[in-house]
Amino acid sequence: MFSNKNIVLGVCGGIAAYKACELTSRLKKQSANVDVIMTKSAAEFVTSLTFQSLSLNQVVTDMFDKPKYWEIEHISLAKKADIIVIAPATANVIGKLANGIADDALTTTVMASKALKLIAPAMNTNMYENVIVQKNIELLKQLGYHFIEPGEGRLACGDIGKGKMAEPEAIEARIKELLLTNQDLQGKTVLVTAGPTREAIDPVRFITNHSTGKMGFAIAEKAAARGAKVYLVSGPSNLATPHGVDRFDVESAVNMYETVMKLKENADIIIKSAAVADYRPAEQSSEKIKKSGDELIIKLQKNPDILQELGKNKGNKVLIGFAMETQNLIENARAKVARKNLDFIVANDLRTEGAGFAGDTNVVKIIDKDGSIVEVPLLRKSELADIILDKAISVMK
Ligand code: C5P
């Protein structure tokens, strides 16, 4: 139930506007207060009376030109909103928001509001895949706007592909997730490391691994959603920075070490999900190494073990490691808990189906310093992130 949460629903011009009617009705049934703002073109598809009847509120439209009234309206809705949902969102409105254009009731309200924002795009496939639209979406994501991806299927224009607005049920579930997350990490600082490191051989080549950063980014996102101040120290990763997270990009293990050491002081919880290279080339050539004999030997030198260093001065911090193994998972992970002075370690076997680097799921065993083991079944990385944070909170208590 949304028990009196204020949801502002922005409706843009697209045939999916009819689905926004169902969304309004669903939100009302869950006790939300819904204020609808329609763009001019939305009113070509559905009448404001439909939304008024479903929301039991006056609908803001651009149909009537009464600037004074809208001036007050957009500020009051902007302040009142717990979340602003734009469903359907057209390429036009996404483009306006990404570029700071506020020329109607919806875009001015969004821009004047500090509330959570959730955007459900709906448009023709080619339009959705257009580089400019994708860039705008990427930018908004980086600025903390949440998106619910369109689905694939037969579009109203007859084309088949991605662009169908997410179903009202899925949008409702996402709003719930965003609005009703327990703020149990309020006042806490969580430091998360993620992604691979890059160890330079020369100005052109480097040694790295297959880590994408997905697990660490999921943890950072959930920790921020649960109210924590979050520092995310990430090796090279293409992932967008989650809402409300302070991101520090690093390249090598040594860079990561230095950044983590600067940030660790205020952290209550440190989660080291980065796949840090254990070794780096002992010497970095300042020029590109030229092709010569049949063999080239690169001497490697050990990197600092960041987690082990943190473990030496653990204090009251909760310290969590990750272990990826291809054999003797439990024994190896247990040894790391002891050697690095951890509270617990999240261990996975690279060869287990659904576990590992690039996917959206993981299968892990959580091994505590007291020796107990919790076997976590196949879960989305976002779900696992919550389990790890739950356990971190129980250690803190
Ligand atoms: O010993 P191993 O590399 O398997 O340990 C993995 C854990 O240690 C991970 O949490 C990883 O982030 C961390 N680690 C580190 N610094 C290193 C190597 C690993 O912090 N140089």
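Computed from a predicted structure; not experimentally measured. Counting starts at 1 for both ligands and their atoms, in listed order.
- Close approach of ligand 1 to Lys336 (heavy-atom distance below 4.0 Å) involves ligand atoms 1 (O), 2 (P), 4 (O), 5 (O).
- In summary, Lys369 and Asp343 engage in a salt bridge, as defined by a charged side-chain N under 4.0 Å from a carboxylate O.
- Looking at atom 16 (N) of ligand 1, its nearest protein heavy atom turns out to be Ile306 N, 3.0 Å.
- The residues Arg226 and Asp390 are annotated as salt-bridged, a charged nitrogen and a carboxylate oxygen being separated by less than 4.0 angstrom.
- Taking a cutoff of 4.0 Å between a charged side-chain nitrogen and a carboxylate oxygen, Glu138 and Lys135 do not qualify as a salt bridge.
- Here is the list of ligand 1 atoms found below 4.0 Å of a heavy atom in Pro304: 16 (N), 17 (C), 21 (N).
- Taking only nitrogen or oxygen atoms, main chain and side chain alike, Ile320 does not reach within less than 3.5 Å of ligand 1.
- Look at Glu283 and Lys299 and you find no salt bridge, because none of the NZ, NE, NH1 or NH2 atoms lies under 4.0 Å from a carboxylate O.
- Under 4.0 Å is where a charged nitrogen must lie from a carboxylate oxygen, and between Asp349 and Lys365 no such pair does.
- Distances from ligand 1 to the non-hydrogen atoms of Asp305 include at least one value under 4.0 Å.
- Scanning the protein heavy atoms around atom 18 (C) of ligand 1, the nearest turns out to be Asp278 OD1, 3.4 Å.
- Of the protein's heavy atoms, Phe322 O, 3.0 Å lies nearest to atom 9 (C) of ligand 1.
- For Lys272, a nitrogen or oxygen atom sits less than 3.5 Å from a nitrogen or oxygen atom of ligand 1, counting backbone and side chain alike.
- Taking every non-hydrogen atom of Leu307 and a distance limit under 4.0 Å, the qualifying atoms of ligand 1 come out as 7 (C), 8 (O), 10 (O), 13 (C), 15 (C), 20 (O).
- Checking only distances, Lys340 does come within under 3.5 Å of ligand 1, N or O to N or O.
- For Glu177 and Arg174, the salt-bridge test passes: some basic side-chain N is under 4.0 Å from an acidic carboxylate O.
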(message) Run Leu389 and Ile219 through side chain to side chain contact (heavy atoms under 4.5 Å, CB included) and show every step you take.
(response) CA-CA 8 Å; Leu389 292 169; Ile219 296 170; 4.3 Å; yes
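- Under a 4.0 Å criterion applied to the non-hydrogen atoms of Gly321, ligand 1 contributes the atoms 10 (O).
- Of the listed residues (Gly216, Ala274, Ser273, Ala333), the one carrying the non-hydrogen atom nearest atom 11 (C) of ligand 1 is Ala274.
- Under 4.0 Å is where a charged nitrogen must lie from a carboxylate oxygen, and between Lys29 and Glu172 no such pair does.
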